[in-house]
Amino acid sequence: MKQPHHQVLIKFALLGLLLASYFGYLTYEYDLLTGWVAALVTWSFFVLCTPVADAGFLLDLPLRLLFGIRMVVSEIAVWAIAILINVIAFIYFKEYYQTTLLTRLMEAIITTPYPFWAVVVLSGIGTFLSIRFGDELMDVIHHKDRNFYHSHHFKHEMILFAFFLVVIFGYYELISSLGISLEHQ
């Protein structure tokens with residue numbers, strides 16, 4: 001059981017290093033305050049505007065593996081922090097939304113409720129569905145609720161998976177309307 005904890009710590013450290021490097025780059029390009037604000041807004045973009053729990057996995061999976069905190073609980077905290085970051089940044093540091101492509105996209109989403117707040121709604125649905133899958137997988141691995149999972153999982157999982165595909169399709173259509181190309185050019 002030591003090795004999974006070790007791998008989680010290494011992945012967490014690598015992701016933390018990536019975020020710190022990005023902050024360092026932004027600080028070098030601009031200044032300390034701009035680097036902090038832009039890095040936090042970029043992180044919040046990945047939390048609020050992608051339909052899987054990618055930025056939240058910086059906290060969710062390590063907290064689940066190390067302390068047993070359900071990923072859905074930590075993801076709710078991650079979303080609250082990401083929303084708070086944007087409220088504060090939008091009120092006090094609005095000009096810093098112009099620093100990178102992702103911060104400009106975040107500002108466009110924030111300032112255009114219809115239809116772009118749907119990006120956040122679809123991302124929330126997708127994120128919490130993926131977190132639910134992760135929590136269920138961890139429960140099965142640790143033999144919690146095993147009988148319930150085996151007796152009801154197939155129909156339930158198929159419905160959730162179909163819903164997740166609809167969310168991803170809707171998300172793709174909205175992102176395309178923002179003028180973002182997902183293909184390599």
Side-chain angles (χ1 to χ4, degrees), residues 12 15-16 18-19 22-23 26 30 33-64 69-138 156-157 159-185:
F12 182 77
L15 288 171
L18 180 65
L19 185 61
Y22 183 67
F23 161 69
L26 291 173
Y30 301 102
L33 181 61
T34 306
W36 268 108
V37 173
L40 289 172
V41 169
T42 301
W43 175 80
S44 74
F45 175 85
F46 284 109
V47 171
L48 301 172
C49 299
T50 57
V52 292
D54 46 10
F57 270 121
L58 278 171
L59 297 174
D60 299 337
L61 190 58
L63 289 174
R64 174 68 192 244
I69 298 170
R70 294 195 62 81
M71 290 188 288
V72 72
V73 171
S74 58
E75 190 66 23
I76 289 169
V78 165
W79 271 67
I81 292 166
I83 291 167
L84 184 62
I85 286 169
N86 278 283
V87 167
I88 292 169
F90 199 76
I91 292 170
Y92 297 107
F93 307 105
K94 190 173 180 182
E95 65 275 9
Y96 297 144
Y97 279 93
Q98 297 305 310
T99 55
T100 69
L101 172 64
L102 293 178
T103 57
R104 287 191 300 273
L105 283 172
M106 192 71 203
E107 182 181 34
I109 290 168
I110 290 170
T111 59
T112 313
Y114 181 79
F116 299 135
W117 283 11
V119 169
V120 177
V121 171
L122 289 173
S123 296
I125 293 168
T127 294
F128 285 97
L129 282 176
S130 69
I131 288 294
R132 187 169 189 287
F133 290 140
D135 269 337
E136 282 186 7
L137 181 62
M138 296 299 288
H156 186 253
E157 295 302 317
I159 291 168
L160 288 176
F161 183 72
F163 189 64
F164 185 72
L165 290 177
V166 170
V167 166
I168 295 295
F169 176 77
Y171 176 83
Y172 177 79
E173 291 299 315
L174 275 169
I175 290 296
S176 295
S177 71
L178 274 171
I180 301 170
S181 174
L182 297 178
E183 289 114 24
H184 181 63
Q185 297 180 5

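Using a 4.5 Å heavy-atom cutoff, the side chains of Phe45 and Asn86 are not in contact. A heavy-atom distance below 4.5 Å is not found between the side chains of Phe116 and Thr111.
The only option from Val41, Val37, Leu26 that meets the side chain to side chain contact (heavy atoms under 4.5 Å, CB included) definition with Tyr96 turns out to be Val37.
Nearest approach of Trp117 to Ile110, heavy atoms of both residues: NE1-O, 3.1 Å. Ser123 approaches Cys49 most closely through the heavy-atom pair OG-C, 3.2 Å. Considering all non-hydrogen atoms of both residues, Leu48 and Ile83 come closest at CD2-CG1, 3.9 Å.
One distance of note links CE of Met106 with OG1 of Thr100; it measures 11.5 Å at 0.5 Å rounding. Once rounded to the nearest 0.5 Å, the distance linking CG of Leu40 with CZ of Phe23 reads 9.0 Å. Considering OG1 of Thr127 and CD1 of Ile76, their distance stands at 12.0 Å, rounded to 0.5 Å. The distance from atom CD of Glu107 to atom CD of Gln98, rounded to the nearest 0.5 Å, is 4.5 Å. Between atom CH2 of residue Trp43 and atom OH of residue Tyr22 there is a gap of 14.0 Å, rounded to the nearest 0.5 Å.
A perpendicular orientation is assigned to the rings of Phe90 and Tyr97, their planes being inclined by more than 60° (bins at 30° and 60°).
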